[in-house]
Amino acid sequence: MSAADIIREIGALPLEEQLKVIAFSKELEKNRKLTRGEFIALAQRYQDATDPAQLAGLEDELVQAFYGPKVSPPA
């Protein structure tokens with residue numbers, strides 16, 4: 001699914017659900033530590049990488065940059 005597909009799906013939601021999506025996106029933005037430019041540069045490094053170990057590390061960085069730090073479940 002592409003970003004355009006997701007945007008179309010969000011646009012088709014009832015207003016109440018769209019507001020939940022907006023609130024969720026604002027919460028995600030608070031947890032991001034990279035600027036848009038930094039995120040794009042990281043994605044470019046991932047795209048250009050050829051070493052499997054480097055790819056794994058960059059993939060972890062991308063996931064953390066997008067979703068925020070991992071949270072351990074309560075004990």
Side-chain angles (χ1 to χ4, degrees):
M1 179 176 272
S2 71
D5 293 333
I6 292 169
I7 291 167
R8 278 191 292 278
E9 290 292 323
I10 292 169
L13 292 171
L15 181 58
E16 183 178 314
E17 295 299 308
Q18 287 181 23
L19 294 174
K20 290 177 185 177
V21 172
I22 292 167
F24 176 74
S25 70
K26 288 181 180 181
E27 193 61 33
L28 277 179
E29 191 62 33
K30 286 182 199 175
N31 294 322
R32 289 203 179 127
K33 294 184 180 183
L34 299 179
T35 66
R36 181 178 184 274
E38 290 168 333
F39 186 81
I40 290 171
L42 178 59
Q44 185 65 52
R45 286 182 24 227
Y46 178 78
Q47 183 178 8
D48 294 342
T50 56
D51 176 52
Q54 184 184 20
L55 279 168
L58 289 169
E59 184 173 317
D60 289 344
E61 285 185 57
L62 279 170
V63 169
Q64 184 171 351
F66 190 79
Y67 292 106
K70 289 181 183 177
V71 177
S72 299

Undergrad: Do the non-hydrogen side-chain atoms of Q18 and V21 ever get within less than 4.5 Å of each other?
TA: no
Undergrad: About how many Å separate CG of L62 and CZ of R45, when rounded to the nearest 0.5 Å?
TA: 8.5 Å
Undergrad: Does Y46 share a hydrophobic cluster with I40, counting links as ILVMFWY side-chain heavy atoms below 4.5 Å and allowing steps through other members?
TA: no
Undergrad: If you measure from CD on Q54 to CG on D48, what distance do you get to the nearest 0.5 Å?
TA: 9.5 Å
Undergrad: Would you say V63 ends up clustered with L55 if hydrophobic residues are merged whenever their side chains have heavy atoms under 4.5 Å apart, either directly or through other cluster members?
TA: yes
Undergrad: Distance from D5 atom CG to R8 atom CZ, nearest 0.5 Å?
TA: 4.5 Å
Undergrad: Could you measure the distance from the CG atom of L42 to the CD atom of E38? Nearest 0.5 Å is fine.
TA: 9.5 Å
Undergrad: So, taking the atom named CD in E17 and the one named CD in E9, what distance separates them when rounded to the nearest 0.5 Å?
TA: 13.0 Å
